[in-house]
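A, B, ... follow the sequence lines: proteins, then strands. Residue 1 opens every chain.
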Amino acid sequence: MTAVLEALGLLFQPGIVQTVVLGAALLGGLAGALGAFAVLRQQSLLGDALSHATLPGVCLGFLVAGSRDLGAILLGAFLAGGLAALSIMLITRATRLKTDAALGIVLSVFFAAGVVLLTVAQGQPGAAQAGLSTFLFGQAAAILRTDLWIMSGVAALAAGTLAALWKEVKLVTFDPDYARALGLPVLLIEGVVTLLIALAIVVGLQLAGVILMVALLIAPAAAARQWVRSLGAMVWLSAGLGAAAGITGALISATGRGLSTGPVVVLVASALVLASMLLAPERGLIWRWGRAARARRGIAGRRVLAAFHGLAEAHDDPAYPTEEGMLTTLIGRPGPGVMERLERDGMIRRVDHPPETTRHWELTERGHDRAKRDQGGRP
Amino acid sequence: MQDQPLHEPQFALHVEDLTVTYGAQPALWDIDLDIPPGVMAAVVGPNGSGKSTLLKSVLGLIRPVAGHVRIFGRPIAQGRGRVGYVPQRSAVDWDFPTTVLDVVTMGLYARIGWLRRPGRAHRDQAMAALAELGMQDFADRQISQLSGGQQQRVFIARALVQQADLYLLDEPLAAVDATTERIIMDLLKRLRDQGRTIVVVHHDLTTVRRYFDWMVMLNVRIIGQGPVAQVFTAENLRAAYGGQLALIEGGAVDPADPHP
Ligand SMILES: Nc1ncnc2c1ncn2[C@@H]1O[C@H](COP(=O)(O)OP(=O)(O)O)[C@@H](O)[C@H]1O
Ligand SMILES: [Mg+2]
């Protein structure tokens, strides 16, 4: 408790924690919003390929600039990401390979090149200070106050672009062929969205690193998808969840114990996904289980009513008392709660049938009506 | 864009020497096709015969290796505003988070123009199109909660708001219920009677004669084109469907000329 208060206290003092929390919030929100489009275009792997592909750019940026010059490193990362996106497009166009194969190839080739370059770069003087290996998993503590301005700039660019091209981006995401048939420049719009995703990845590298960055794109969007009914709501909620995961993760890691921020943020985002998969109304697993169980009970109830109705007709006695054992023989055990529910709904009632002491049931008027209606095939 | 002289403007759709390949395999080979305005045309052919490819090439979604297409005498880039497209239902992810009304409004996006949002008037147009297809009560429904037939009607409503003169529909009757089939065909007939041209990729040979007045039979090449009575012959069917002909001669369809 005191640790939490302490962490919250740090949040309101200008300092490293505040910088990290703000950075994580900005980045989580930015990646979350753009991730919605990656998820809906079923291009989660594109985000993964792009972020892995930035590694050689990071190393080249360092090698060329010869120091930890963040501008050079991020520019290198961005160019490498762009080259990767271009390669993916050319491979899918020029060969018979499917997109996922092209993504896989580009991801592994670029990442392998990155790892080789990383080894080379680490032999250079100054590599340790530059903390190049932190770009693998991210090192939030390295985020500077000035980096926040870069992140804000990218976030503003993304928000402005999405607001301006909202309906075009929506249509291209939903149905690119139709968009092209309407005459929209689909390739350009897709390129703009991919460019924004690449920018978000690049500015997120310091926090999350090339390996985990994709989780910040995909997890908030996957969680948001469970709750929403429109694209706008999905983008907003995804941004909100991403920012929340960023803040929570940054605060948790600020409470000490040497936890690094990026992985904690990713874990928080994953917990949000899990909770959404389980709990969301309509799409969540629990809701769907409930609906399936209700449907099963409904069907079981109908079969009980039909069986009672049939027996009553066979005995020409609407109040024919059916022994529960008879029912089980006819249609098997109705399942837990089924008889009780029917009783509560006034479809059946318990009756005594001396001298037998076992439980007997008879169909009420309502029960007969329902059974007859079901026979007619109506719901 | 400079105004080229019109080329074959007497046809709603004119296709000349069109060849389309995927890799080395031709999907369409040297297609010459003319569809006069005001007809209801069926495009039939076996699976993989290039029907969808033909529609996509006409719309400029696929770049042909040879040939050209004209819409009322104009290249597609200048004729787009007059063409409405209904893709195959399976072309999109129906789990996309959006509503029926929103999807139908997409048909107006080109007309609404850049940097502007759909307004009240656009909403009314979309509602009117939904009503034409008996879908007005579904306007606020999530598209993920529609049946196949309802999805198809939403797609057609989206094309309807385009107010096109030439409609291209890819298998609009595939796997839809009888009600949907009747609603769609009634609408297409109304459009045709208003003078629009309707081109439908159609898979059900038993209904060709009932629904259509024009026909294109296709199997990579054009097998036949013209009024249904002239094209729907046993000879053409054999040429288009080859080994699958047993099915046809089994009495499922009733070609105009049973004795070639
Ligand atoms: N995107 C594609 N890439 C490669 N081959 C394709 C593609 N689309 C279609 N084809 C092939 O082209 C041929 C024609 O396809 P299509 O036009 O979809 O036929 P239809 O609509 O008549 O069933 C088929 O053999 C199909 O396998
Ligand atoms: Mg097809």
Side-chain angles (χ1 to χ4, degrees), chain A residues 36-37 39-43 92-98 160-189 192 221-238 276 280-283 288 291, chain B residues 22-25 52 55-56 58-63 76-89 91-103 105-118 122 140-145 154-155 158-159 161-162 164 168 170:
Chain A
F37 299 98
V39 164
L40 289 174
R41 282 156 76 193
Q42 291 164 5
Q43 286 189 334
T92 43
R93 294 211 157 190
T95 69
R96 302 174 65 91
L97 289 175
K98 294 265 182 292
T161 309
L162 288 181
L165 300 179
W166 180 253
K167 67 181 192 308
E168 286 79 12
V169 169
K170 175 163 68 178
L171 179 51
V172 167
T173 308
F174 174 61
D175 192 349
D177 266 359
Y178 186 74
R180 210 168 288 140
L182 285 186
L184 295 184
V186 171
L187 210 59
L188 184 71
I189 293 167
V192 166
R225 174 65 193 100
Q226 294 294 101
W227 302 91
V228 299
R229 297 166 57 84
S230 75
L231 180 63
M234 179 163 168
V235 171
W236 278 112
L237 182 60
S238 183
S276 304
E282 294 195 17
R283 302 174 65 88
R288 294 215 301 244
R291 187 173 50 183
Chain B
Y22 295 108
Q25 196 67 21
S52 298
L55 295 199
K56 288 181 184 172
V58 167
L59 288 158
L61 307 183
I62 299 176
R63 189 192 299 264
I76 182 66
Q78 287 141 49
R80 268 187 207 297
R82 299 183 72 180
V83 188
Y85 177 43
V86 179
Q88 249 164 315
R89 189 151 46 87
V92 304
D93 172 17
W94 288 93
D95 200 31
F96 196 88
T98 187
T99 60
V100 165
L101 186 66
D102 198 35
V103 170
T105 311
M106 289 174 184
L108 296 166
Y109 280 7
R111 209 173 319 148
I112 294 171
W114 296 97
L115 301 179
R116 295 172 58 208
R117 297 281 170 103
H122 303 118
D140 296 320
R141 189 74 81 87
Q142 284 286 293
I143 60 168
S144 57
Q145 290 167 6
V154 170
F155 257 19
R158 181 176 72 170
V161 296
Q162 290 182 256
L168 307 176
D170 202 341

- Query: Minimum heavy-atom separation for B/Asp93 to A/Gln42, with atom names?
  - Reply: OD2-NE2, 3.5 Å
- Note on the structure: For A/Met234 and B/Pro97 the tightest heavy-atom approach is SD-CG, 3.9 Å
- Item | Closest non-hydrogen atom pair, B/Arg80 against A/Arg180 | NH1-O, 3.4 Å
- Task: Examine whether an atom of A/Thr95 lies under 4.5 Å from a heavy atom of chain B, and if so say whether it belongs to the side chain, the backbone or both; otherwise answer neither.
- Result: neither
- Message: Within the 4.5 Å heavy-atom criterion, are B/Asp102 and A/Phe174 side-chain neighbours or not?
- Response: no
- Let me know if A/Arg229 has heavy atoms under 4.5 Å from chain B in its side chain, its backbone, both or neither. both
- Task: For A/Lys167 and B/Arg116, indicate whether the former's side chain and the latter's backbone hold a donor-acceptor pair under 3.5 Å.
- Result: yes
- Item | Beyond-backbone contact of B/Phe96 with A/Leu231, side-chain heavy atoms, under 4.5 angstrom | yes
- Message: Is B/Arg158 in contact with chain A via its backbone, its side chain, both, or neither, using a 4.5 Å heavy-atom distance?
- Response: both
- Message: Rounded at 0.5 Å granularity, tell me how far CZ in B/Phe155 sits from CG in A/Asp175.
- Response: 5.0 Å
- Message: Rounded at 0.5 Å granularity, tell me how far CD1 in B/Ile62 sits from CG in A/Asp177.
- Response: 8.0 Å
- What is the minimum heavy-atom distance between A/Ala163 and B/Arg117, and which atoms define it? O-NH2, 3.2 Å
- Item | Flag side-chain contact, heavy atom, 4.5 Å: B/Met106 against A/Leu182 | no
- Message: Side chains of B/Trp114 and A/Leu165, heavy atoms from C-beta outward: is any pair under 4.5 Å?
- Response: yes
